[in-house]
Amino acid sequence: MDNVKQFFSGLEMDTWSSAALLAGAAAGLAGALVSLARAVDGHLDARRKIQKARKLRDDSLLKAEEAVLLYKKAHPKMDSSLILSLSLTELTKKLQDGQLVPEDVFYSYMEKTINENKRLNCCTTILLESFDHLKTLDSNKRGLLYGVPVSIKDNIAYKYYDSSCGLVSNLDDPAEKDSVIVEVLRRQGAIPFVKTNVPQGMLSFDCSNVIFGQTVNPHNLNKTSGGSSGGEGALIGGGGSILGIGNDIGGSIRIPAAFCGICGFKPTVGRVSKQGVSTVSPGQKSVLATSGPMAKDVDGLALCMQALLCDHMFDLDPTIPPLPFNMQVYKSAKPLRIGYVENDGITQLTPSMARSLREVRDLLEEAGHTVVPYNHLRIKDAFLLIANGIFGDGGASLVQKLKGGPFDPCLKLQVLPLYLPRWLRKILSFLIRPLSPRGSLLLQCSTGAGSVVELWEQHVAVQDYIDETLAEWRRCNIDVLLCPMLGPAYNFLYCGRLTLNASFTALYNLLNFPAGVVPVSTVTAEDEEELRHYEGFHRDHWDKLFKQALSGSQGMPMAVQCVAPPWQDELCLRFMKEVEDLVKQSRIK
Ligand SMILES: *[C@@H]1O[C@H](CO)[C@@H](O)[C@H](O)[C@H]1NC(C)=O
Ligand SMILES: *[C@@H]1O[C@H](CO)[C@@H](O)[C@H](O)[C@H]1NC(C)=O
């Protein structure tokens, strides 16, 4: 019995791979031979595609580097360090009134991006057309982002470039036209100039794939940048970009923003156009993805939202409600009633998470806001709804897209169960429940819906959960929520083994509430010391893994998460701005 117990408590690679082997054996020898032949063929094809993609990236970086050198030679007086030190608000002001020219700004950021990429491996390609767009900028029509270089996540379509989603199967399939976001950014005078890295398949909060490799954290090269918008997080955190566009289905903007010490905002789904933005399972309709901005400060996020929410976007994508940015709400100073979530009942916060959260709570109270405790409803149900939403097809779409290429090490453990038949996952989940409740839960998390009836039941359950939550907000009479944010950044290869940690952020994708993160602190020596005594609520294999994932984090950025009700994006940003200001002021004191 003890042996069995040990076996299952170590359930990870071992159980899943042996179960996968069993299932594989059952598939029969003949089938295996055919697939072997196909696999060899596919493998060669994959290698060719990967090499081509890497060469395209390297060539684009070289060309950009040459162009930067030429420009610098011709403009020896350009003050790059001044330009790179400006906030987005300051930069746009200087560009608008002509104190700075777009060329200097563009080449300063291009140079910094090329250098940061050498350190962080965060770019998938330089968008060489940006050099031409720079030349055709119309100085008579100065949009809100006139002359601002912008980075975009790999999955946002830009004509002639792949949206790989980190998948070999998506390579060699360049976009035929620009996404609406890219078009609108350009109409506002911005210059999208680089695409950034993502994890294989983008359903992970790490940032590594077999094409472009691992993106690392600008604050500590031994840590992940987080993901899936990890290339954005790293590049902006490292100073190579002042504004970026990410995409978030379970925390994919917020996690890398928090890990890399910048701000990130996930708007209400429906506010920003999805046209031309790729995901792995576009048919999945119960936990929705949206694009949103990532920047050094909250004003940068707000300016980007203001620029995107314009008539041009409403024209190009009439499915988006024509709601311009509400500046009055963003600038409002009315005291807020803030729900405060310290404990979700199933995870124990790390010392640095708990401390950061409490410090911000105290600052908000001192500033005259009312803070009331808030507890999430039926949190375990919510987690299952999230998992069964994202993997409603039992992971079939992801498995399909993963074909034709090897697995990235960061993804392997996370996806192995998806290769077991659904019924086997269900049985295994049931059998191991007494021995490893959390292993059982993990298996259950990917079983999805078995029929249309079950899928519709899931949709109803999600709607019920949203309605109940809204009623609870009303009962507590709160305007916004202050929540803990996952952090600090993990050591390599842990994200894929701790997928449930995305619950801190994914809950607001399920609810479709706008949510954003603001950096508020860094890990202290005392936090590190206290972490040594962290045992977690379950005191099991995963709690230990989690502790290992965080070890050696002193000085790493920590954030909090701010949440508002659906369509109150401006309120969410205003709350974030308040947190940012209060933290800044408290540092000066
Ligand atoms: C990163 O890891 C290397 C090798 O283990 C170590 O020498 C170095 O000090 C680490 N860097 C940081 C910033 O922790
Ligand atoms: C992260 O996830 C692991 C595995 O589920 C868990 O043991 C740990 O408590 C979680 N930590 C937090 C802060 O959520």
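When a ligand or atom number is given, it counts from 1 through the structure's own listing order. Values reported hereafter were calculated over all heavy atoms of this structure, with side chains retained and with hydrogens, waters and symmetry mates removed. Predicted, not measured: the structure shown is a model, and the values here were computed from it.
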- Check ion pair Asp569-Arg574 (N to O, under 4.0 angstrom): no
- Query: Is the shortest distance from a Lys or Arg side-chain nitrogen in Lys577 or Asp581 to a carboxylate oxygen in the other one below 4.0 Å?
  - Reply: yes
- Fit a plane to each ring of Phe513 and Tyr508, take the angle between them on a 0 to 90° scale, and name the class: parallel (under 30°), tilted (30 to 60°) or perpendicular (over 60°). tilted
Hey, which atoms in ligand 2 end up nearer than 4.0 Å to a heavy atom of [X]?
X      : answer
Trp542 : 4 (C), 7 (O)
Gln348 : 13 (C)
Thr347 : 12 (C), 14 (O)
Leu498 : 2 (O), 3 (C), 4 (C)
Asp543 : 6 (C), 7 (O), 8 (C), 9 (O)

- Specify the protein heavy atom at minimum distance from atom 13 (C) of ligand 1: its residue, its atom name, and the distance to 0.1 Å.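 That would be Asn220 OD1, 3.5 Å.
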- Item | Heavy atom of the protein closest to atom 12 (C) of ligand 2 (residue, atom name, distance) |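 Protein heavy atom at minimum distance: Asn501 ND2, 3.4 Å.
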- atom 2 (O) of ligand 1 within contact range, any protein heavy atom under 4.0 Å: yes
- Take atom 5 (O) of ligand 1 and look for protein heavy atoms under 4.0 Å from it; say yes if you find one, no if not.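 It does not; no protein heavy atom is within 4.0 Å.
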Look up atom [atom1] in [X] and atom [atom2] in [Y], then write down how far apart they are to the nearest 0.5 Å.
X      : Y      : atom1 : atom2 : value
Leu443 : Leu420 : CG    : CG    : 7.5 Å
Tyr534 : Arg539 : OH    : CZ    : 11.0 Å
Leu120 : Asn115 : CG    : CG    : 10.5 Å

- Query: Taking the six-membered ring of Phe430 as reference, does the NZ or CZ atom of Arg433 fall below 6.0 Å from its centre and within a 45° cone about the axis?
  - Reply: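 No - Arg433 does not lie over the ring of Phe430 by the 6.0 Å and 45° rule.
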Any N or O of [X] that comes nearer than 3.5 Å to an N or O of ligand 2?
X      : value
Tyr534 : yes
Arg438 : yes
Thr350 : no

- Item | Heavy-atom nearest option to atom 14 (O) of ligand 2, drawn from Phe537, Tyr494, Phe504 |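 Closest candidate by heavy-atom distance is Phe504.
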- Task: Just jot down the side-chain contact (heavy atoms from CB on, under 4.5 Å) partners of Ala489, sequence neighbours excluded, or say none.
- Result: Asn217, Lys223, Phe259, Met556
- Which atoms of ligand 1 have any heavy atom of Asn222 under 4.0 Å away? 1 (C), 2 (O), 3 (C), 8 (C), 10 (C), 11 (N), 12 (C), 14 (O)
- Item | Under 3.5 Å: donor-acceptor pair, side chain of Lys426, backbone of Gln444 |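 No; judged by distance alone, with no hydrogens or angles, the pair does not exist.
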- Is there a heavy atom in His538 that sits closer than 4.0 Å to ligand 2?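 His538 does not count as a contact of ligand 2 under the 4.0 Å cut-off.
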- Item | Set of residues satisfying salt bridge (charged side-chain N to carboxylate O under 4.0 Å, His left out) with respect to Glu472, sequence neighbours excluded |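 Testing Glu472 for salt bridge (charged side-chain N to carboxylate O under 4.0 Å, His left out), a comparison that skips the adjacent residues, returns Arg475.
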